[in-house]
Chemist: 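My questions will all concern the structure given below.
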Amino acid sequence: MIRQYELVEKVKSYDPDANEDLLNRAYVFSMKAHGTQKRASGDPYFSHPLEVAGILSDMKLDDATIATALLHDTVEDTTATLDEIRKLFGSEVANLVNGVTKLSQIELQSAESKQAENFRKLVLAMSNDIRVLLVKLADRLHNMRTLHHVHSEEKRRRIARETLEIYAPLAERIGIQHFKEELEDLSFKELNSDARESILTRLHFLEQEGGKKIVQDIIDELERIFIEGGIKTRISGRVKSPYSIWRKMHRKNVAFEQLSDIMAFRIVVDTVAECYQTLGIIHSQYMVVPGRFKDYISTPKPNKYQSLHTSVIGPYNQRIEIQIRTQEMHEIAELGVAAHWQYKQGTSKDDQSYQWLRSLLEILENASNPDEFLEHTKLEMFQDQVFCFTPAGDLISLPRGATPIDFAYAIHSEVGNRCVAAKINGRMVPLRTILHNGDQIEILTSKTQIPSPTWERFVVTGKARANIRRFIRSEQRSQFIDLGKSILQKTFQQEGFDFSEKAIGPVLKKFKIETADDLYALVGEGLHTAYEVLRLMHPESTAKPVPSKSTEIPKVAPKKGKTAAAVSIRGLIPGMAVHYAKCCHPLPGDKIVGIVMTGTGVTIHTYDCENLQQYADEHDRWIDVAWDDKGATTEAHMGRLILNVINKPGALASITTIISKLNANISNLKITQRSEAFFEIMIDLEVKGADQLENIMASLRAASIVNSVERARN
Ligand code: MN
């Protein structure tokens, strides 16, 4: 087990600027947090994060990554909290630890049946900082190295399969070849140790065949050729991994003896030009196996891998695979993305962390062949999504920008319709909160809740929008029906006729509709007037609607004792059948008049609103309305005042003070005119009703700076 000072010294050896204090504190914190916890092997648990840190320091990763490695299991497995980590180690390390913790949670929650490829993409999407993925891979590598200590065979096999299906391909995807190979080999050992053993035995035999150490002999032979050719090379060779041979046997359905290139050689040279010279020498010395030459120098792989690949019938008549590359290419091939962020002198920390983020995006974005392009577009789609969990751990994917309402509708339309509140990761949040990857969401519902039209403004899924609209349409229709029915009853009563549903047959026919509700809805929506219906049912009626043709501001005529017949107006849902006019802002307590607006229902004006004049000739559209006291809501209404104020310092402040003392909320304030002596302001106030507004107006008039106060009337 690597010691504290050894780890710190190692990091400082490749990054002299590394934050020694951070590393020391992370070491001590993790050791204390894990305390007496033990691994399956019986070792202290702390040995695990320490080994993970060791693996990452071999890859020369930065101090924040190493600290994260030390702390990576503290939030998940000990009493330490993320807030604590943030306070002690800063937000960079805390965000990394949080990322690794979230990845581990999906791992725990994901059903085994989840498709490997989707899961792989999920993991990629969750690692918005690629260092998260590097820590996770190192974590998995150490867990695989110690897998044999896990008692349950079923668990061992599950972990090995997951490693083979998800983590090894991820390591390959981001170009960390040695992670990929070791992860594969360790999984192979668990899943099919017999096959692995027989391949190893066979390889061993081939290597020693004829008493020769064939790999070393081939290296010696190649070196001799290049010395003659005058090129300085570093050559290494090895037999390929048992797992890659096994896979090849599977894919090509060939027996072991027929397998060629079980040996691979790597030639590292100084310059790109020497790569091609080296290739030339090999091709002129040995017979080239057709179709195996690949130039990844001129066309690098998406993970930035560069090399020349070729296969030849080499010395001793063995088919061998050869890779030729420069030292820099070699580092990228070994470390993949990690190579790009190894400590580089002269780059600031900010640049570096920015690089981390960019690189994953580059890997995801740069695709060169059609297959990769396909994968790329799939990944793109994937990046537009967020993955969230139900409290039971079910995965729900939603488009980016989705809210708890979208989540609720994704579970079930009824859950959406009844949604009253949401908790994200245990905390209550507003329903318009944007969801993030890995969030766990709990939806609170109530039987009395109905969807609000305002939801439509922030949902992003079609399902949520369609459900909200459907609900609003049906709600709107039922409001139109109620309103239309009241209008008809009131009009008939006013004109001295009885209104009964039984007598409306001819009207239904005439309007080509089927039910009484259809008729009410038509009247409520303002597509037909109550007087039209009246005249159809009672052709003898000479009833004329209320307002006179006078161009005077019309007064509501049937006032004496008739208020009982007025259509009552109750707490309204915005956007529904009844609207308040924006000109005069009627308030509960005001005398009001309704004007039927075709297609949208009824608009309520104050009886003295100047805009009523334009409806003076359209008598059919007027309806007598009154506030419904019983149904009065506590909802705030908007009242608008026009003030003329003496222009002196502090005037505005005294006005707002008066208003706030009377418990009204100013929702808008605008200076509409200004002269040296006076200025005029428009104030919108949230009030309960006309009385409260009258009170406020009186208090304002009492102020010495106020010249005049009036309600806006047009
Ligand atoms: Mn771990």
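Just so you know, ligand 1 is whichever comes first in the structure, and atom 1 is the first atom listed for that ligand. Just so it is clear, the model here is predicted, and its values are computed rather than measured.
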Chemist: At the Mn ion (ligand 1), what is the angle formed between atom OD1 of D139 and atom NE2 of H72, rounded to the nearest 10°?
Modeler: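 Nearest ten degrees: 90°.
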Chemist: Do E6 and K10 meet the salt-bridge criterion of a basic N to acidic O distance under 4.0 Å?
Modeler: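 Not counted as a salt bridge, because no side-chain N and carboxylate O are separated by less than 4.0 Å.
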Chemist: Around atom NZ of K87, are there more than 12 heavy atoms of other residues, nucleotides or ligands at under 6.0 Å?
Modeler: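 No.
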Chemist: What do the steps show when you test R266 against H330 for side-chain contact (heavy atoms from CB on, under 4.5 Å), and what is the final call?
Modeler: CA-CA 9 Å; R266 181 177 302 135; H330 180 60; 3.5 Å; yes
Chemist: Could you work out, with side-chain contact (heavy atoms from CB on, under 4.5 Å) as the rule, every residue matching K294, not counting sequence neighbours?
Modeler: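 K294 satisfies side-chain contact (heavy atoms from CB on, under 4.5 Å) with Y296, H309 only.
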Chemist: Backbone or side chain, does H48 get an N/O/S atom under 2.8 Å to the Mn ion (ligand 1)?
Modeler: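 Yes.
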Chemist: Can you tell me the N, O or S atom of D73 that's nearest the Mn ion (ligand 1)?
Modeler: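 Relative to the Mn ion (ligand 1), the closest nitrogen, oxygen or sulfur of D73 carries the name OD2.
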